[in-house]
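Single-structure report; data block below.
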Amino acid sequence: MEVAVLFFARVREDLDCDRLQLALAEDGQTVGKVRERLMLRGPTWERVLSETNLVAACNHEVVDDSHRLSAGDEIAFYPPVTGG
Amino acid sequence: MEVAVLFFARVREDLDCDRLQLALAEDGQTVGKVRERLMLRGPTWERVLSETNLVAACNHEVVDDSHRLSAGDEIAFYPPVTGG
Amino acid sequence: MDAVIDIAVLREDFDPGALQEALPPASGGAGAVATFTGYVRGQDDRGALNWMELEHYPGMTEASLRRIADEACARWGLLAVTIVHRTGRLFPGERIVWVGTAAMHRGEAFAACEFLMDYLKTRAPLWKRESGEWGETWVEARDSDSDRAGRWQAP
Amino acid sequence: MDAVIDIAVLREDFDPGALQEALPPASGGAGAVATFTGYVRGQDDRGALNWMELEHYPGMTEASLRRIADEACARWGLLAVTIVHRTGRLFPGERIVWVGTAAMHRGEAFAACEFLMDYLKTRAPLWKRESGEWGETWVEARDSDSDRAGRWQAP
């Protein structure tokens with residue numbers, strides 16, 4: 001199945017990537033597994049995606065690593081928010 | 001010495017009086033003494049001016065009965081406020 | 001920097017947008033403006049209201065609002081405070097009062113705005129008389145307002 | 001009565017007076033309207049600011065603001081909430097955000113307005129980048145904002 005992964009703000013800048021598509025095995029996919037897979041892309045990816053204050057969202061809701069994925073989900077990783 | 005005494009809202013209505021001038025002996029005059037003197041005017045005055053939640057002001061500041069008076073002072077008696 | 005304090009007690013209506021526009025802007029360092037507008041409610045537990053009439057003590061009302069504003073400025077380091085209060089006869093839906101506070105940060109602006117309303121309601125010499133389905137009556141001071149004002153006193 | 005909720009995320013400036021005018025008036029029972037406007041500060045401890053740039057997550061920002069507004073309506077029985085947040089490049093003195101709440105009484109309007117700002121600052125996917133005398137940097141999330149938001153959680 002395919003999912004979209006989006007990056008914002010400093011995370012987007014550090015990774016030099018705002019969006020990518022990932023093809024995943026069908027079974028037992030979670031946000032944490034996507035994060036681990038992306039960390040294999042290189043030292044910058046490993047560093048940025050292992051930051052403890054990184055926020056993950058799935059389909060516009062904040063979720064944790066155990067959140068299970070479905071085909072077509074939109075995942076996002078971003079730093080703590082600073083609007084207002 | 002002379003002082004002005006003003007009444008507001010329900011107090012003004014109950015007394016049917018919005019303002020009066022009082023001539024006082026020069027010495028040791030206080031808001032409390034003015035209040036007592038006005039209470040002698042009749043049963044309505046006695047009742048209204050002895051209400052425990054009545055507020056007294058002198059020259060636009062809330063004061064208590066012990067506040068000492070000077071010639072020309074403007075005293076006011078009114079019920080708890082309800083603006084805003 | 002001294003705070004800019006603007007106090008008005010008037011019979012005419014006022015414009016919340018224009019009042020906010022007149023508060024000092026961010027060029028003076030204000031990152032936060034909190035405002036409160038009180039309106040005449042057309043209905044409550046007792047039924048429909050015809051009108052409300054606000055009596056005040058000319059001179060003392062202004063002096064009292066200024067003292068409250070000074071206290072808020074000293075306490076929260078505000079950049080500006082505006083308080084506008086109407087008097088006379090007001091009908092359902094009409095504006096009664098507007099309070100605006102400008103501060104560097106939102107915590108101060110919010111706290112001061114709420115403090116000003118709580119103190120105004122329990123200290124400024126203004127009285128409401130109402131005419132409604134229940135007849136014509138003076139509004140009684142509410143313990144809940146005294147309680148709210150009491151929260152701001154040092155323990 | 002269902003609350004009227006209005007959410008907007010936009011690049012253009014907005015008019016606080018017009019936004020307040022659009023909140024349901026006292027005919028719907030609202031006696032109290034509280035508002036907050038956030039402005040770009042031109043100066044802080046680090047020196048003068050050139051500009052600020054707001055990035056957001058289109059779609060999620062709106063959804064997130066709506067969830068926060070729903071939560072405030074449920075918690076304080078509000079009659080109306082409006083939240084407007086700008087994005088893109090903003091200069092000192094410009095408006096960033098407006099929150100307005102309408103309620104029967106002032107306690108609810110004030111609490112909800114402050115809650116909305118605290119939650120918006122810690123939950124809505126918006127990020128500030130600043131250019132100033134110190135260079136160009138992403139704004140770091142502040143513990144004080146998390147602390148303020150934490151106050152609203154049940155003990």
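Naming convention: chains lettered A, B, ... in sequence-line order (proteins, then strands); numbering from 1 in each chain. Computed over heavy atoms, backbone and side chain alike; hydrogens, waters and symmetry mates excluded. What you are looking at is a predicted structure, and each value in this text was computed from that prediction instead of being measured.
Residue C:Thr122 touches chain B through its backbone alone, counting heavy-atom pairs closer than 4.5 Å. Of the two parts of B:Val62, the backbone and the side chain both hold a non-hydrogen atom closer than 4.5 Å to a non-hydrogen atom of chain C.
Salt-bridge check for C:Arg46 with C:Glu133: failed, with every basic side-chain N at 4.0 Å or more from each acidic carboxylate O.
Most heavy-atom pairs under 4.5 Å with chain B: of the set C:Gly38, C:Pro125, C:Ala63, C:Ser64, this distinction falls to C:Pro125. Of the listed residues C:Arg123, C:Arg67, C:Met117, the one with more heavy-atom pairs under 4.5 angstrom with chain B than any other is C:Arg67.
Counting only distance, with no hydrogens or angles, the side chain of C:Thr35 and the backbone of C:Gly100 share no donor-acceptor pair below 3.5 Å. No donor-acceptor pair closer than 3.5 Å links the side chain of B:Glu61 to the backbone N or O of B:Cys58.
Residues C:His56 and C:Pro58 meet the side-chain proximity criterion, which asks for heavy atoms closer than 4.5 Å.
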